[in-house]
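Working notes for the structure below.
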Amino acid sequence: MSTDVNENLNDWLRDAHAMEQQAEKMLTAQAERLEHYPELKARIIQHIEETRGQQGLLDEAMARRGVSNSIIKDLGGKLMAFGQAVGGMTVSDEVVKGAMAGYVFENLEIASYTALIAAAEQAGDATTKAACEQIIVQEKAMAAWLLDHLPQLTQAFLVRSATPGLEAKV
């Protein structure tokens, strides 16, 4: 059985919506725990707001296309985000591993929006394409920020970790 372009686009929009809900949960959990890395915390808080805006753009695209949210996908994303947040709380180098995981996740989002842009173009949905092009700019900026700041974040963690009396984890 073949699936047409619109069916794939609609399904991928649902996936992106679930992915953004997962991102919001993960970022919020990380930001709430960060104490000793104010620049990282500020950038994460900024990206949480961007992520909420992205969810709005996806909601609009889905509503315009007559696509309902997949409760199962959204719930699965939230559960995965919760598991990752809880798992991160148990490692001593959470801040470094969290930044690395964030970079990987941003690149997953970039790949997803790249596919969505191509699918929207193929489906002739210029409005959805434009929304995804707006979102991908923010995802690329966050990925670049994390990659650019990973060396100094790692060094700050190592200094805190080696200094008696300083909390290095978050």
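Basis for what follows: all heavy atoms, side chains included, without hydrogens, waters or symmetry-related copies. Keep in mind it's a predicted model, so treat the numbers as computed, not measured.
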Contacts under 3.5 angstrom, residues 132-142 side chains, donor-acceptor by atom type, not counting sequence neighbours:
unit_1 : atom_1 : unit_2 : atom_2 : d
Q138   : OE1    : Q54    : NE2    : 2.8
E139   : OE1    : H47    : NE2    : 3.2
E139   : OE2    : Q54    : NE2    : 3.3

Distance-only check: which donor-acceptor pairs under 3.5 Å involve side-chain atoms of residues 110-120, not counting sequence neighbours?
unit_1 : atom_1 : unit_2 : atom_2 : d
S112   : OG     : L108   : O      : 3.0
Y113   : OH     : E20    : OE2    : 2.7
T114   : OG1    : I110   : O      : 2.7

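Here L58 contributes atom CG and W12 contributes atom CH2; the two are 15.0 Å apart, rounded to the nearest 0.5 Å. For the atom pair OG of S68 and NE2 of H17, the computed distance is 10.5 Å after rounding to the nearest 0.5 Å. Separating the CG atom in D148 from the CG atom in L153 is a distance of 12.5 Å, to the nearest 0.5 Å. How far NE2 of H36 is from NZ of K41: 10.5 Å, rounded to the nearest 0.5 Å.
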Apply side chain to side chain contact (heavy atoms under 4.5 Å, CB included) to Q122 and L9, showing your working.
CA-CA 9 Å; Q122 184 76 19; L9 177 57; over 6 Å; no
Check the pair W145, L40 against side chain to side chain contact (heavy atoms under 4.5 Å, CB included), reporting the backbone distance first and the verdict last.
CA-CA 9 Å; W145 190 95; L40 175 61; 3.7 Å; yes
Give the C-alpha distance, both sets of side-chain angles, the deciding distance and a yes or no for side-chain hydrogen bond (donor to acceptor under 3.5 Å, both in side chains) between Q55 and Q21.
CA-CA 7 Å; Q55 288 176 28; Q21 286 193 322; 4.6 Å; no
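Partners of E106 by salt bridge (Lys or Arg N to Asp or Glu O under 4.0 Å), not counting sequence neighbours: none found. R64 meets the side chain to side chain donor-acceptor pair (under 3.5 Å) test with T128; sequence neighbours excluded. Every side chain to side chain donor-acceptor pair (under 3.5 Å) that E39 has, sequence neighbours left out, goes to H149, Q152. Residues satisfying the side chain to side chain contact (heavy atoms under 4.5 Å, CB included) test with L150, not counting sequence neighbours, are A99, M100, T154. Partners of A31 according to the side chain to side chain contact (heavy atoms under 4.5 Å, CB included) rule, which considers only residues two or more places apart in sequence or in another chain, are I44, I45, I48. Shown here are the side chain to side chain donor-acceptor pair (under 3.5 Å) partners of N107, two or more places apart in sequence or in another chain: there are none. Taking the side chain to side chain donor-acceptor pair (under 3.5 Å) definition, one finds that E49 meets it with R52, sequence neighbours left out.
Residue V5 is not grouped with residue M62 when hydrophobic side chains (ILVMFWY) are merged at heavy-atom distances under 4.5 angstrom, including chains of intermediate members. Under the 4.5 Å side-chain heavy-atom criterion for ILVMFWY residues, no single connected hydrophobic cluster contains both M26 and V104. The hydrophobic clustering, which links ILVMFWY residues whose side-chain heavy atoms are closer than 4.5 Å, places V95 and L158 together.
When every heavy atom of Y37 is checked against every heavy atom of F157, the shortest pair comes out as OH-CA, 3.4 Å. Across all their heavy atoms, A131 and L57 have their closest contact at O-CD1, 4.1 Å.
Using a 4.5 Å cut-off on side-chain heavy atoms (C-beta onward), L34 and Q30 make contact. In this structure the side chain of L146 never reaches within 4.5 angstrom of the side chain of R43, judged on heavy atoms.
The main-chain N or O of E7 is never found under 3.5 Å from a side-chain atom of D11 such that the two would form a donor-acceptor pair.
Listed by first and then second residue, the salt bridge (Lys or Arg N to Asp or Glu O under 4.0 Å) pairs that reach into residues 109-123 are E121-K129, sequence neighbours excluded.
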